[in-house]
2 protein chains.
Amino acid sequence: MEEHENSRCENCIIRQINSFKALKKEELKQMSDHKETRKVKKGEILFKEGERLSGVYCVRSGISKLSKLSDNGKDQIVKLAGKGEVLGQRSLITSEQTNLSATALEDMDVCYIPKNHIQESLMQNPVFTNTVLKRMASELKTADHTIVNMAQKSVRQRLARGLLYLGDSFGTDEDGFLYLQLSRSNLADIVGTATELLIRTLTKLKKEGAVSISGKRIKLEDKKLLYAIAEGI
Amino acid sequence: MEEHENSRCENCIIRQINSFKALKKEELKQMSDHKETRKVKKGEILFKEGERLSGVYCVRSGISKLSKLSDNGKDQIVKLAGKGEVLGQRSLITSEQTNLSATALEDMDVCYIPKNHIQESLMQNPVFTNTVLKRMASELKTADHTIVNMAQKSVRQRLARGLLYLGDSFGTDEDGFLYLQLSRSNLADIVGTATELLIRTLTKLKKEGAVSISGKRIKLEDKKLLYAIAEGI
DNA sequence: ATTGTCAACTGACAAAAATCATCTTTTAAG
DNA sequence: CTTAAAAGATGATTTTTGTCAGTTGACAAT
């Protein structure tokens, strides 16, 4: 079966934006020969919290949410992962079951890479290991920041910050609306509150002119105000 | 200047419980020749959020808090670090300023290790890098869990969990009281709430028989109850 | 056309948490 | 020992958040 050149890891543009850029020609070839491209429909689950993964997913396009179920039955979205992110890496490194579930928020294209290739490179390519380590350290910093926000900030503050984050991470469409259209329920799961309160808080931001809303579509009208809200009170 | 054998990294027992066990003889020797032992008094600050570190601290004894200031002026304790922990590693890996402050909660003995030795080993010793990576991945998992707890659980639940954590991490004294005696204010900064509410919540746990209290000293009387509270409502 | 489902929204109320004021106890300093 | 300062504790009040019940509107299935 002959593959088109573009579908080979060696030529994949995604590689420019993640740790895989530190891999050697030989490793990429190996990886490419054993990878498996896969389409994931919006709403589909890539993996569930508690599963053991036999590989990682490299996101080529589309956005997914990484979430964790709390004891009280509510979902908390810990992170949104788009193009270039590698899903499942953490649990592969520690050889544990995943602690998060991954669900597609849009149709996605992903590459599945069996774990042995990643693990070999982690053992034998120090540059790669270092790159992964740097990413992990950076994620840890973000996580610490999130902990403080969750513990110390109000729903209003967290929502303002969340909206800015959505803008920064995934940009806007031609009309200036946030590219990623989340349901109110998903937004609530990012902010860490109930859907009802999320809706009320969002409505208030709209009345204050910080955002405008058209159905699922949200536009950040006054980023400075949002920023001030996120910091202050 | 002649050093006692025990004060050399090669013989340090701490090495058994952190990433340094993956270092080679030669690296340890180098490290030992350039380390600097230091005593830190209770209340003293090892480093402040935003500083640039020129090395890491290896904790030989004593416990420190790693905290971050929120925009609203409140401190959030992100982690408690005791014997064997290496402080400042994350910011060293990403070559950034620290995102956390480290303060001694007890008198401490620490070793200061200049960064170049760590960085060299990270570049040249894949086993060491891998060990650090594993630790970092593990911390990230914990952090994700904390995010969910902060976002989804009540102060009561978080306090119950926090007390169990203190017991598990630092043990109890001969009378069964938690070894680490924190001020109510520090406890509040762990749980992520105001001191007043922390006191009230703690008092309630006492009335319910989950804990007993004698000044700063806290005894976990009914761990199962605490566990149930942490999970349920 | 009818039904059913689901997401978005609203009102009313209850519970949780923050805030402010005050008082007591403990601790540290002179 | 005395005194000042800090930590601990409690009451009263306000604000924030959660919960329950119900309405509306869009859309798909029949």
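Quick note on labels: first sequence line is chain A, next is B, and so on, each numbered from 1.
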Subject >> 5' priority, DNA chain C, between Ile199(A) and Ser154(B) [closest heavy atom] >> reply: Ile199(A)
**OP:** Find the distance Lys204(B):NZ to dA16(C):C1' and express it as a whole number of Å.
**Re:** 10 Å
Original post:
Do NZ/NE/NH1/NH2 and the carboxylate oxygens of Lys79(A) and Asp144(B) come within less than 4.0 Å?
Top reply: no
Check nucleotides 20-29 of chain C against the protein and report each pair of N or O atoms closer than 3.5 Å, with its distance, or say if there are none.
| from | atom 1 | to | atom 2 | distance (Å) |
| --- | --- | --- | --- | --- |
| dC20(C) | N4 | Glu196(B) | OE2 | 3.2 |

Original post:
So does Asp189(A) pair up with Lys65(A), basic N to acidic O under 4.0 Å?
Top reply: no
**OP:** Kindly indicate whether a cation-pi arrangement holds for Arg217(B) with Phe177(B), taking the cut-offs as under 6.0 Å to the six-membered ring centre and within 45° of the axis.
**Re:** yes
Original post:
Could you give the CG-to-P distance, from Leu205(B) to dA9(D), as a whole number of Å?
Top reply: 13 Å
**OP:** Provide, to the nearest angstrom, the distance between the CG atom belonging to Asn186(B) and the P atom belonging to dA6(D).
**Re:** 16 Å
**OP:** Check the distance between dA8(C)'s P and Leu182(A)'s CG and give it to me in whole angstrom.
**Re:** 10 Å
**OP:** Determine yes or no for a side-chain-to-main-chain donor-acceptor pair under 3.5 angstrom, with Ser183(A) supplying the side chain and Asn186(A) the backbone.
**Re:** yes
Original post:
Does Lys153(A) place a side-chain N or O at less than 4.0 Å from the phosphate oxygens OP1/OP2 of dT16(D)?
Top reply: no
Subject >> Glu96(B)/Arg52(B) ion pair, N-O < 4.0 Å >> reply: no
Original post:
Where the side chain of Lys74(B) is concerned, which of dT17(D), dA17(C), dT19(C) is the nearest nucleotide?
Top reply: dT19(C)
**OP:** Round to the nearest Å and state the distance from Ile213(B) atom CD1 to dA9(D) atom P.
**Re:** 7 Å
Original post:
OP1 or OP2 of dA9(D) sitting under 4.0 Å from any side-chain N/O of Thr203(B)?
Top reply: no
Original post:
Which atoms form the tightest heavy-atom contact between Leu166(B) and Leu180(B), and what is the distance?
Top reply: CD2-CD2, 4.1 Å
Original post:
Do Lys39(B) and Asp109(B) sit within salt-bridge range, that is, some charged N less than 4.0 Å from a carboxylate O?
Top reply: yes
Subject >> Length of the CG-C1' vector between Leu198(A) and dT16(D), whole Å >> reply: 15 Å
Subject >> Atom-to-atom span, CG of Leu197(B) to P of dT15(D) - whole angstrom >> reply: 18 Å
Original post:
Is Arg184(A) near enough to dC9(C) that one of its side-chain N or O atoms lies under 4.0 angstrom from OP1 or OP2?
Top reply: yes
Original post:
Rounded to the Å, how far apart are Asp189(A) CG and dT17(D) C1'?
Top reply: 16 Å
**OP:** Under 4.0 Å between any heavy atoms, over every strand shown, what does Thr193(B) touch: base, sugar-phosphate, or nothing? Just pick one.
**Re:** sugar-phosphate
